Asks: 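Mind looking over this structure? Questions follow.
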Protein chains: 2
Amino acid sequence: MAQNSKKATINDVAREAGVSKKTVSRVINKSPEVTQKTYQKVEQAIARLDYTPDPQARGLSFRRSFLFGLIYDNVNTAFIADIQDGVLDKSRSEGYELVVHPCEHGNSQWIDEVRLLIDRLKLAGVIVLPPLSENPELVKMLKGVDCEYVRILSVPLDDDAHMVQSDDRSAVAQIADHLIELGHRNIGFIHGPKGSQAAAERYAGFSDALLRNKLKLLKRNLVWGDHSFASGVVGAHKLLGGKTRPSAIVASNDEMALGAMVAAAKLGIDVPSQLSIVGFDDEPQAAKIYPSLTTVNHNLKRMGQLASEKLAALCRNQPEQAAQVQSVICLDLIVRESTAKVPPEIQGNDN
Amino acid sequence: MAQNSKKATINDVAREAGVSKKTVSRVINKSPEVTQKTYQKVEQAIARLDYTPDPQARGLSFRRSFLFGLIYDNVNTAFIADIQDGVLDKSRSEGYELVVHPCEHGNSQWIDEVRLLIDRLKLAGVIVLPPLSENPELVKMLKGVDCEYVRILSVPLDDDAHMVQSDDRSAVAQIADHLIELGHRNIGFIHGPKGSQAAAERYAGFSDALLRNKLKLLKRNLVWGDHSFASGVVGAHKLLGGKTRPSAIVASNDEMALGAMVAAAKLGIDVPSQLSIVGFDDEPQAAKIYPSLTTVNHNLKRMGQLASEKLAALCRNQPEQAAQVQSVICLDLIVRESTAKVPPEIQGNDN
DNA sequence: GTGAAAGCGCTAACAT
DNA sequence: ATGTTAGCGCTTTCAC
């Protein structure tokens, strides 16, 4: 419509519709106690004036903004972009804008900073990404403050209204099953950071599958990393340096799997004919190398969508509705080029 | 400090300091017309009450929020994460929070949507990422609206106060020089999307260097892509399919270079002994493959920092200061493993 | 240099 | 079912 000199306010609409300010306000807030007829009159006036309520003024009255916050650790940026994308999908359609807030890594004050952000901006709600979402102190703070939250997790640490959880454990079990089906018996594992529950969960899935298949969990087949590329390189070197090296390596995330691929290449070990490698996350680059990486699709975008859907419901004061939004995401095994049958010469060698 | 039951307001501070509301307001806004003494009294009261002004209320009066917007195309997510990181660095220290706004790709209404966002949230300023930043319609809209802006660009399309520019042209020239120095004479180029000025600039840098070195720009050595991985695969296949294939390939960005690496691997052409490949951007994955990719560091985080520094200055109404912040970024050639001397058997073959 | 009153655009509480 | 009054926390008049 014609861009009038000034933006229309609630007063203009009230005048135009011949009702009081408050009635317009009721319409804006979808109050049920307005006649069908008045409702329409107001709606038409709104349309005619091309009116949009001012979120700042509304917020001032409500003591609350129409902003969601995305709280994350600033380490793995590839990870957040996808979730952010999904979060935006839903939050904007629900009338919320998104403020991003990376927490300084290693700054012990980060919880206070998040509280300050919530206070200052009067955030309606926040979505917390792993690994911060695993932190019990943070959640304690969140519960004590007037701000809704939803956590994105790999472990069911909260009720359905407050989390979206990926079932990492069974996904890694799927990975192991896939390898076992290909004939692998001697499988190495590069573990994620100590302290991380997501990483622990992934290893649990690995051990589930091995035990179910009556395979031994060998100590020499487990090395520790920290989910960084570099730690994947180092971990793979350790695994591949022994006398009876594994015929397959499972890494707790794609970054480390990529590190393992590079380590194998430098050692002259061909993937997948001599060594299978699997990652976890399906980061964009997993498909953009040769051989492309077999991994598990984390559906990060979808998780972001579900999280903001839950959060919007919570902000509407409908926790039951939030709980009904899907909470657990099953992950898909994406078989690509980095896994193959176990090399015949070592078939049957299970130690 | 002790978290009192309610947040302190300007009234509490006024009472505590024994002055009027307005004087407190003057202190908050660093008005020069306040006595040194009063100033201190108020500052102390603020500290004692642990007071922070409410941005919403301030915004309502100012008709302006304390929010920056980050406007980007939702295609290349790896790209935005780094810039976002840099933008946050500076904007938060200047007292602004960041709202992110991806524009639906292919949606022709996107400029109107950006305007709506600015209007609704009364954004203090926006930072626009390429390729949207090249759009003259957008800039026209931005100039007509009460909102500061800074563009991130590869071409000098604006004055120093309103852009941060990377010198892509000379960076690609550096790349070409590097290859020529290694003995390459027959160099292929995978061009970026038609319409993109950044892509045109990069090719210009390539042609600069070749001409300066008295090498011919052969038509068969130029193929078109669109900065996607897939187009890099296709482009490299075209370049490598001919009788006298190039001994080196320059891609207009890393994504396409990664595509070229995969294409070469599938064709059984070894990189770098039989073929050198160079990218542009230094995306994280460029270093996480084997052979690792020689490329140009785009300094995205730094560009984000500079952009928000400029934007903050503009919002303070100090355009000269904004203009003085560094505007042009020089990029660094990062030599890794994907480039090597031209294979001896084809040395001297310049067509 | 400082303060009192009015108002930014909206909603809550209480009428009617 | 709708309107009136007061107020959210701050800044802008324009006095003094």
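Worth saying up front: this structure is predicted, and the values here are computed from it rather than measured. Quick note on labels: first sequence line is chain A, next is B, and so on, each numbered from 1.
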Asks: What residues form a salt bridge (Lys or Arg N to Asp or Glu O under 4.0 Å) with D82(B), not counting sequence neighbours?
Replies: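 With neighbours one apart ignored, the set is empty.
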Asks: I want to check one thing: is the phosphate of dA1(D), taken as OP1 and OP2, less than 4.0 Å away from some side-chain N or O of T38(A)?
Replies: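 Answer no for this pair, as no side-chain N or O of T38(A) is under 4.0 Å from OP1 or OP2.
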Asks: Need two values: the first and the last nucleotide of DNA chain C, 5' to 3', having an atom under 4.0 Å from any heavy-atom of chain B.
Replies: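 So the contact region on DNA chain C extends dG1(C) to dG9(C).
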Asks: Sequence neighbours left out, what passes side-chain contact (heavy atoms from CB on, under 4.5 Å) with T35(A)? Give chain and number order.
Replies: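 For T35(A) the side-chain contact (heavy atoms from CB on, under 4.5 Å) partners, ignoring immediate neighbours, are K37(A), T38(A).
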Asks: Under the salt bridge (Lys or Arg N to Asp or Glu O under 4.0 Å) rule, collect the residues that match up with D85(A), sequence neighbours excluded.
Replies: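 In terms of salt bridge (Lys or Arg N to Asp or Glu O under 4.0 Å), with neighbours along the sequence ignored, D85(A) is linked to K301(A).
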Asks: Each nucleotide in nucleotides 7-16 of chain D should get exactly one letter: B, S or -. Can you fill that in based on protein heavy atoms under 4.0 Å?
Replies: BBBBBB----
Asks: Enumerate the ring-ring contact (aromatic ring centres under 6.0 Å, His included) contacts for residues 118-142 of chain A, please, sequence neighbours excluded, ordered by first and then second residue.
Replies: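 For residues 118-142 of chain A, and leaving out neighbouring residues, there are no ring-ring contact (aromatic ring centres under 6.0 Å, His included) pairs at all.
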Asks: Which pairs count as ring-ring contact (aromatic ring centres under 6.0 Å, His included) when at least one residue sits in residues 137-157 of chain A, sequence neighbours excluded?
Replies: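 Counting only pairs at least two positions apart or across chains, the ring-ring contact (aromatic ring centres under 6.0 Å, His included) contacts touching residues 137-157 of chain A are Y149(A)-H162(A).
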Asks: Identify each donor-acceptor pair in which a side-chain atom of residues 95-104 of chain B lies under 3.5 Å from a protein atom, sequence neighbours left out, and give them as a table.
Replies:
from    : atom 1 : to     : atom 2 : distance (Å)
H101(B) : ND1    : R92(A) : NH2    : 3.1
H101(B) : NE2    : R92(A) : NH2    : 3.1

Asks: Applying side-chain contact (heavy atoms from CB on, under 4.5 Å), name anything that partners Q321(A), two or more places apart in sequence or on another chain.
Replies: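 Scan of Q321(A) (side-chain contact (heavy atoms from CB on, under 4.5 Å), adjacent residues dropped) gives A313(A), R316(A), Q318(A).
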Asks: Of the options D73(B), N135(B), V155(B), I152(B), which is the one that meets P130(B) in a side chain to side chain contact (heavy atoms under 4.5 Å, CB included)?
Replies: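 Considering D73(B), N135(B), V155(B), I152(B), a side chain to side chain contact (heavy atoms under 4.5 Å, CB included) with P130(B) is found only for I152(B).
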Asks: E33(A): what forms a salt bridge (Lys or Arg N to Asp or Glu O under 4.0 Å) with it, not counting sequence neighbours?
Replies: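 Partners of E33(A) by the salt bridge (Lys or Arg N to Asp or Glu O under 4.0 Å) criterion, ordered by chain and then number, come out as R26(A).
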Asks: Using side-chain contact (heavy atoms from CB on, under 4.5 Å) as the criterion, list what pairs up with I10(A), not counting sequence neighbours.
Replies: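 Scan of I10(A) (side-chain contact (heavy atoms from CB on, under 4.5 Å), adjacent residues dropped) gives K21(A), V24(A), S25(A), I28(A), Y51(A).
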Asks: If you fit an axis to the five pairs at each end of the helix from dG1(C)-dC16(D) to dT16(C)-dA1(D), how big is the angle between those two axes, to 10 degrees?
Replies: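 Computed from the C1' atoms at both ends, the axes differ by 30°.
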